[in-house]
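The block underneath contains the structure these notes are about, expressed in structure tokens.
The first residue in the sequence is number 1, and the count goes up from there.
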Amino acid sequence: MACLSYQTCALMSSSSSSTPTCHLRVRANTVVPGASSKKTRGLRRLNAVAETSVMEVVELKKGIAELYDESSGLWEDIWGDHMHHGFYDPNADVSVSAPDHRAAQIRMIDEVLLFAGISEEAPIRGPKNVVDVGCGIGGSSRYLAGKYGANCKGITLSPVQARRANALADAQGLANKASFQVADALDQPFPDGQFDLVWSMESGEHMPDKAKFVNELVRVAAPGATIILVTWCHRDLGASEKALKPEEKRLLDKICSAFYLPAWCSTADYVQLLQSLSLQDIKAEDWSPYVAPFWPAVIRSALTWKGFTSLLLSGTKTIKGALAMPLMIQGFKKDLIKYSVITCRKPE
């Protein structure tokens, strides 16, 4: 499947903390309420699907589901049940074992929670009801359920992921706390205002309509709820830029084709959208330096005998994705791809 036509994203539809304690983090692109001198220009972006046909969206979602149906078992076998980047000390030796990389993935969850101001005083002040949007095989949900005693509901486009997530929850004694189903993040099967923590860990990049995606996150959030969005973005455009450079677009197009991604947007685009919805305590940071070791580690794992033979047996979509992994490294090194962590709060 070819990548959906790339364009810089305009607002399609419309319906604002605490300082993190990790001493490693260098602030970059931090946004505070009111810092929106470019708001008008920003709101003209974020319409990745303005010219995308219904058929293209259907094919995109089908491709996403099939990619994760194929690849999730392989990923779990080698990397465990967290299907996202790890958080690393950029000055540390990263030639470490698989358990150390898995620990970095847990550390990512904890660092994101700290950045969002989620209390460590579980379960007294922690979240009680959590939605995990793009849940994979449920790693984040089970971790949050265990950490806070929260009731977690996860959604994914992949039937294989949903079944495996439920099986793991049952095996870990968390079936009464974490449940998973096949559902569309752009049309969530939940009532308004149900969750006090809305969690999206590396799923936003798959969304063909970023505005509708964010509106759904806000809709299911309870008054006062925290919304956490961790996603891949392209770099913010400069003051005189109207679009990315042609060579940057070409690189992202190749990644889109391999990973079933629609058009990318910038962190600034997301922030402008959140501001337009009157959300509070909006914060955004680029954590790219802290995830840099991740893709080289994934490539090394694929080059082991176990990884290579498992990859060959997994399916064509998984193989195509694996061949595109060096492009992600290239994008980060060129300062084109950003690992964006964005949090906000829904007004009471």
[X]: side chain to side chain donor-acceptor pair (under 3.5 Å) partners, not counting sequence neighbours:
X      : answer
Asp335 : Lys338
Glu248 : Arg235
His82  : none
Gln172 : Arg142

Roughly how far, to the nearest 0.5 Å, is [atom2] of [Y] from [atom1] of [X]?
X      : Y      : atom1 : atom2 : answer
Asn151 : Leu174 : CG    : CG    : 11.0 Å
Thr343 : Glu285 : OG1   : CD    : 9.0 Å
Ser141 : Asp132 : OG    : CG    : 3.5 Å
Leu336 : Cys233 : CG    : SG    : 11.0 Å
Lys62  : Leu67  : NZ    : CG    : 12.0 Å
Ile299 : Met328 : CD1   : CE    : 10.5 Å

Verify same cluster id: [X], [Y] (apolar side-chain graph, 4.5 Å):
X      : Y      : value
Val298 : Tyr260 : yes
Trp287 : Val230 : yes
Tyr88  : Met325 : yes
Ile228 : Ile109 : yes
Val182 : Met207 : no

Residue pair [X] / [Y]: nearest heavy atoms and the distance that separates them:
X      : Y      : result
Ala284 : Thr267 : CB-CG2, 3.7 Å
Ala178 : Ala169 : O-CB, 3.7 Å
Ala222 : Gly193 : CB-O, 3.5 Å
Pro208 : Leu60  : CB-CD2, 3.8 Å

Side-chain heavy-atom pair [X], [Y] within 4.5 angstrom cut-off:
X      : Y      : answer
Met108 : Met201 : yes
Phe294 : Phe87  : no
Leu197 : Asn129 : no
Gln272 : Gln275 : yes
Arg345 : Ile282 : no
Leu113 : Leu144 : yes
His234 : Ile337 : no
Leu251 : Lys334 : yes

Output every pair passing ring pair (Phe, Tyr, Trp, His ring centres under 6.0 Å) with a member in residues 160-193, not counting sequence neighbours, ordered by first then second residue.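 Applying ring pair (Phe, Tyr, Trp, His ring centres under 6.0 Å) to every pair that reaches into residues 160-193, excluding sequence neighbours, yields Phe190-Phe195.
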
Just list the side-chain donor-acceptor pairs under 3.5 Å for residues 302-317, sequence neighbours left out, or say none.
residue	atom	partner	partner atom	Å
Thr304	OG1	Ser301	O	2.8
Thr304	OG1	Gly307	N	3.0
Thr309	OG1	Trp305	O	2.8
Thr309	OG1	Lys306	O	3.2
Ser310	OG	Lys306	O	2.8
Ser314	OG	Leu311	O	2.6
Lys317	NZ	Glu66	OE1	3.0

Would Asp281 and Thr226 satisfy side chain to side chain contact (heavy atoms under 4.5 Å, CB included), going step by step from the backbone distance to the final call? CA-CA 9 Å; Asp281 301 332; Thr226 298; over 6 Å; no

All ring-ring contact (aromatic ring centres under 6.0 Å, His included) counterparts of Tyr339, not counting sequence neighbours: His85

Please list, chain by chain and in numerical order, all residues satisfying side chain to side chain contact (heavy atoms under 4.5 Å, CB included) with His206, sequence neighbours excluded.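 Partners of His206 under the side chain to side chain contact (heavy atoms under 4.5 Å, CB included) test: Ile64, Tyr68, Leu261.
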
Using the side chain to side chain contact (heavy atoms under 4.5 Å, CB included) criterion, which residues pair with Ala150? Sequence neighbours excluded.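 Testing Ala150 for side chain to side chain contact (heavy atoms under 4.5 Å, CB included), a comparison that skips the adjacent residues, returns Val130, Tyr148, Cys152.
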
Okay, side chain of [X], backbone of [Y]: is any donor-acceptor separation there less than 3.5 Å?
X      : Y      : answer
Glu59  : Glu56  : no
Arg164 : Ile137 : no
Lys346 : Ala221 : yes
Ser203 : Val133 : yes
Lys283 : Phe115 : yes
Asp269 : Ser266 : yes

Salt bridge (Lys or Arg N to Asp or Glu O under 4.0 Å) partners of Arg219, counting only residues at least two apart: Asp192, Glu216

Test Ser340 against Tyr270 for side chain to side chain contact (heavy atoms under 4.5 Å, CB included), laying out the working first. CA-CA 10 Å; Ser340 299; Tyr270 270 120; over 6 Å; no

Hydrogens and angles aside, do [X] and [Y] bring a side-chain donor and acceptor to less than 3.5 Å of each other?
X      : Y      : value
Glu205 : Trp264 : no
Ser140 : Trp199 : yes
Asp89  : Tyr290 : no
Ser257 : Lys320 : yes

Show me, pair by pair, the donor-acceptor contacts under 3.5 angstrom made by side chains of residues 153-162, not counting sequence neighbours?
residue	atom	partner	partner atom	Å
Thr156	OG1	Ser158	N	3.0
Thr156	OG1	Gln161	OE1	2.7
Ser158	OG	Asp69	OD1	2.5
Ser158	OG	Val160	N	3.4
Ser158	OG	Gln161	N	3.0
Gln161	NE2	Ser72	OG	2.9

Scan residues 170-190 for pairs that pass salt bridge (charged side-chain N to carboxylate O under 4.0 Å, His left out), counting only residues two or more places apart or in two chains.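 Output for this query lists Lys61-Asp184.
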
Tell me whether the rings of Trp79 and His101 are parallel (<30°), tilted (30 to 60°) or perpendicular (>60°).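 Rings of Trp79 and His101: tilted, as their planes differ by 30° to 60°.
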
